[in-house]
**Student:** 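What follows is a structure written as structure tokens; I'll ask about it next.
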Amino acid sequence: MKKVITYGTFDLLHKGHIRLLKRAKALGDHLTVCVSTDEFNAIKGKKAYTSFEDRKYILEAIRYVDEVIPEQGWDQKIKDVQDHDIDTFVMGDDWEGKFDFLKDYCEVIYLPRTEGISTTKIKHDLGMQVDAD
Ligand code: C2G
């Protein structure tokens with residue numbers, strides 16, 4: 001079984017997130033999504049509208065997602081890859097190159113982002129408080 005992993009906040013879930021998850025799952029047989037906790041989002045300088053528990057609940061309902069685990073820090077990826085027997089690490093290409101250190105442990109793939117949509121854009125268009133990107 002080929003196992004894939006990806007990471008993110010996945011707040012205010014939109015088509016860009018779903019397209020990423022769909023393409024990530026298509027690279028293997030099992031997709032683990034590591035979703036940022038509210039505490040880690042604070043470290044990332046993000047404040048998610050939806051709580052970790054609710055973002056986890058939503059992700060677990062997506063047909064492409066097989067498992068959801070918490071992302072609590074920047075430095076857990078190598079252990080996650082080893083502990084979950086991951087073959088492929090996938091991220092959107094806004095992260096291009098940032099996780100190449102994982103190439104010693106698994107395949108690393110950056111997929112093109114979906115243009116024209118982002119959680120920040122949704123918040124801005126709705127006149128909500130926008131995080132510093
Ligand atoms: N994404 C995308 N297209 C968009 C928006 C997002 O493909 N229009 C992808 C991002 O590239 C990322 C995933 O969807 O791979 C989740 O995006 P975010 O929730 O914004 O994740 P981020 O805050 O970038 O957290 O350790 C890594 C971090 O947790 C990533």
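Please read these numbers as outputs of a predicted model, since none were measured by experiment.
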**Student:** Check whether Leu111 and Ile86 end up in the same hydrophobic cluster, where Ile, Leu, Val, Met, Phe, Trp and Tyr are linked by side-chain heavy atoms less than 4.5 Å apart.
**Tutor:** no
**Student:** Distance from Phe99 atom CZ to Cys106 atom SG, nearest 0.5 Å?
**Tutor:** 11.5 Å
**Student:** Rounded to the nearest 0.5 Å, how far does CG of Asp87 lie from NZ of Lys2?
**Tutor:** 6.5 Å
**Student:** Working note: Thr50 + Asp11, criterion side-chain hydrogen bond (donor to acceptor under 3.5 Å, both in side chains); need CA distance, chi angles, decisive distance, verdict.
**Tutor:** CA-CA 6 Å; Thr50 311; Asp11 190 29; 3.2 Å; yes
**Student:** According to the interplanar angle, ranging from 0 to 90°, do the rings of Tyr7 and Phe89 count as parallel (below 30°), tilted (30 to 60°) or perpendicular (above 60°)?
**Tutor:** tilted
**Student:** Fit a plane to each ring of Trp95 and Trp74, take the angle between them on a 0 to 90° scale, and name the class: parallel (under 30°), tilted (30 to 60°) or perpendicular (over 60°).
**Tutor:** tilted
**Student:** Taking the side chain as every heavy atom from C-beta outward, state whether Leu31 and Ile5 have any atom pair closer than 4.5 Å.
**Tutor:** no
**Student:** Hey, quick one: are Phe40 and Val81 part of the same hydrophobic cluster, counting side-chain heavy atoms closer than 4.5 Å, chains of contacts allowed?
**Tutor:** yes
**Student:** Under the ring pair (Phe, Tyr, Trp, His ring centres under 6.0 Å) definition, can you give me all pairs with a residue in residues 44-64, not counting sequence neighbours?
**Tutor:** none
**Student:** Answer yes or no: is there a side-chain heavy-atom contact under 4.5 Å between Cys34 and Asp80?
**Tutor:** yes
**Student:** Report yes if some heavy atom in the side chain of Leu13 is under 4.5 Å from a heavy atom in the side chain of Ile62; otherwise report no.
**Tutor:** yes
**Student:** Do Val33 and Ile69 share a hydrophobic cluster, counting only Ile, Leu, Val, Met, Phe, Trp and Tyr and linking them when any side-chain heavy atoms are less than 4.5 Å apart?
**Tutor:** no
**Student:** Nearest 0.5 Å, what's the CD-OG1 distance between Glu107 and Thr88?
**Tutor:** 4.0 Å
**Student:** What distance separates His84 NE2 from Thr32 OG1, expressed to the nearest 0.5 Å?
**Tutor:** 6.5 Å
**Student:** Side chains of Lys44 and Ser36, heavy atoms from C-beta outward: is any pair under 4.5 Å?
**Tutor:** yes
**Student:** Report yes or no: do Ile58 and Ile117 belong to one cluster of Ile/Leu/Val/Met/Phe/Trp/Tyr joined by side chain heavy-atom distances under 4.5 Å?
**Tutor:** no
**Student:** Could you pull out the closest heavy-atom pair between Val90 and Ala24, with the gap in Å?
**Tutor:** CG1-CB, 4.1 Å
**Student:** Do the side chain of Gln76 and the main chain of Pro70 share a donor and acceptor less than 3.5 angstrom apart?
**Tutor:** yes
**Student:** Have Thr37 and Gln72 got a donor and an acceptor in their side chains that come within less than 3.5 Å?
**Tutor:** no
**Student:** Could you state the interatomic distance from NZ (Lys121) to NZ (Lys123), rounded to the nearest 0.5 Å?
**Tutor:** 14.5 Å
**Student:** Is any side-chain heavy atom of His14 closer than 4.5 Å to a side-chain heavy atom of Ile122?
**Tutor:** yes
**Student:** How about Leu102 and Lys77: do any of their side-chain heavy atoms sit closer than 4.5 Å?
**Tutor:** yes
**Student:** Decide side chain to side chain contact (heavy atoms under 4.5 Å, CB included) for Thr114 and His17; before the verdict, give the C-alpha distance in whole Å, the side-chain angles of both, and the deciding distance to 0.1 Å.
**Tutor:** CA-CA 8 Å; Thr114 301; His17 295 136; over 6 Å; no
**Student:** State whether Arg113 and Asp94 are salt-bridged, where the test is any N-O pair (Lys NZ or Arg NE/NH1/NH2 against Asp/Glu carboxylate O) under 4.0 Å.
**Tutor:** yes
**Student:** Looking only at non-hydrogen atoms, find the nearest pair between Asn41 and Ala48 and report the distance.
**Tutor:** ND2-CB, 3.8 Å
**Student:** I need the Asp100 CG to Lys103 NZ distance, nearest 0.5 Å.
**Tutor:** 4.0 Å
**Student:** Considering only heavy atoms from C-beta outward, does the side chain of Ile109 approach that of Leu27 to under 4.5 Å?
**Tutor:** yes
**Student:** Hey, does the side chain of Arg19 reach the backbone of Lys15 with a donor-acceptor pair shorter than 3.5 angstrom?
**Tutor:** no
**Student:** Cluster question for you: counting only ILVMFWY and a side-chain heavy-atom cut-off of under 4.5 Å, with indirect links fine, are Met91 and Tyr105 together?
**Tutor:** yes
**Student:** Scan residues 47-59 for pairs that pass salt bridge (Lys or Arg N to Asp or Glu O under 4.0 Å), counting only residues two or more places apart or in two chains.
**Tutor:** Asp38-Arg55, Lys56-Glu60
